[in-house]
Amino acid sequence: MQVIAKKTYDEASAAAADLLAAAILMKRDAKLGLATGATPVGCYKELVKKYESGMLDFSRVTTANLDEYRGLDGSHEQSYRYFMDSHLFNLVNIDKSRTYVPDGTIEDPDKACSDYDKLLDEKIGAFDIQLLGIGSDGHIGFNEPCDYFNLKTQCITLEESTVKDNARLFFGGDLDAVPRQAYTMGIGFIMRSKKIIIMATGESKRDIVEKAFCGPVTPQVPASILQLHPDVVLVGDAAAIPDAVVEKYK
Ligand code: PGA
C-alpha cells in the first residue's frame with residue numbers, strides 16, 4: 001500500500017483526482033468504480049475542472065457505483081444516482097447509459113443484488129481503478145462490520161453509526177429520513193479492481209484508518225482487507241492519517 005498524506009482536504013482531493021485522471025488518460029475507455037459520500041466531493045470537483053480545461057475526455061469511460069439506498073429512485077435528492085449525476089455525470093461528457101448504480105427501486109433484494117452482480121460481470125469485469133471512502137466503522141461501500149467478508153452484492157441493514165453519519169451529512173440531521181437498508185457491491189468485486197484509491201479525510205476517520213491499515217485483517221473492519229490488495233493508495237489529509245500509518249507504509 002502507498003500512502004499519500006496531504007495537509008488539507010483540498011490537496012487530498014486533488015491528489016485523488018490526479019490518480020483517476022491518469023487512469024483515464026492512459027486508457028480512454030477506462031472502467032471506473034466510483035463512491036459517494038462527503039469525502040469524494042472535492043475529488044469530483046477537481047475532475048470536472050480537468051474536463052473543463054480540456055485535459056479529460058469521459059466520452060468512452062464506463063463507471064459503476066458501490067451502492068444505493070433501498071427504496072430510493074434516482075430522482076430522490078438523497079439517492080446516490082442523484083449524487084453522481086449532480087457532482088459528476090451532468091458536468092462532464094460521459095455517456096450516462098454507461099454509468100451504473102444499483103437500482104434502489106427493485107423491492108426484491110435477491111433480484112436487485114443478482115441483477116447488479118450480473119451487470120458488473122457483463123459491463124465491467126474488473127475496474128481499472130476503484131475509488132473508495134471509509135466509514136467511521138470501517139465499512140467500504142456499505143459492507144458493514146460482520147463475521148465474514150461479503151463477496152457479492154448484498155442488501156445490508158445499516159449500522160446505527162452509519163445512519164447517524166449519513167443523517168448528519170446528508171439528511172439535514174433527520175435520523176428518520178435515512179433509509180435503513182442499502183444495496184452494496186460486495187468486497188469480492190472491489191478487490192478485483194486493478195487499482196484502488198481509498199480516501200480518508202477529517203479527524204473523525206483517524207482512529208478507523210489506524211485500525212484498518214495497522215491492525216489485523218478482519219471482517220470486523222471491512223476496509224482492512226485492502227492490506228491484501230497489491231495496488232492500493234490511501235489518500236488523505238493530515239487530520240485523518242495517523243503517523244503510525246505513514247510509518248508502516250513508507
Ligand atoms: P463519507 O462516507 O465520505 O460521507 O464520510 C464514507 C463512506 O461511508 O464510505
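Whatever order the structure lists ligands and atoms in, that order sets their numbers, starting from 1.
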* To do: Verify the neighbour count for atom NZ of Lys248: are there more than 12 heavy atoms of other residues, nucleotides or ligands below 6.0 Å?
  => yes
* Asked: Hey, which residues fall under 4.0 Å of ligand 1 on heavy atoms?
  -> Gly37, Ala38, Thr39, Gly133, Ile134, Gly135, His139, Leu169, Lys205
* Asked: What ring-ring contact (aromatic ring centres under 6.0 Å, His included) pairs are there with at least one residue in residues 107-133, not counting sequence neighbours?
  -> Phe127-Phe189
* Neighbour count above 12 (heavy atom, 6.0 Å) for Lys96 NZ -> yes
* What about the rings of Tyr183 and Tyr80, do their centers lie closer together than 6.0 Å? -> no
* Are more than 12 heavy atoms from other residues, nucleotides or ligands located less than 6.0 Å from atom NZ of Lys27? -> yes
* Tell me yes or no: between the side chains of Asn150 and Glu144, is some donor less than 3.5 Å from an acceptor? => no
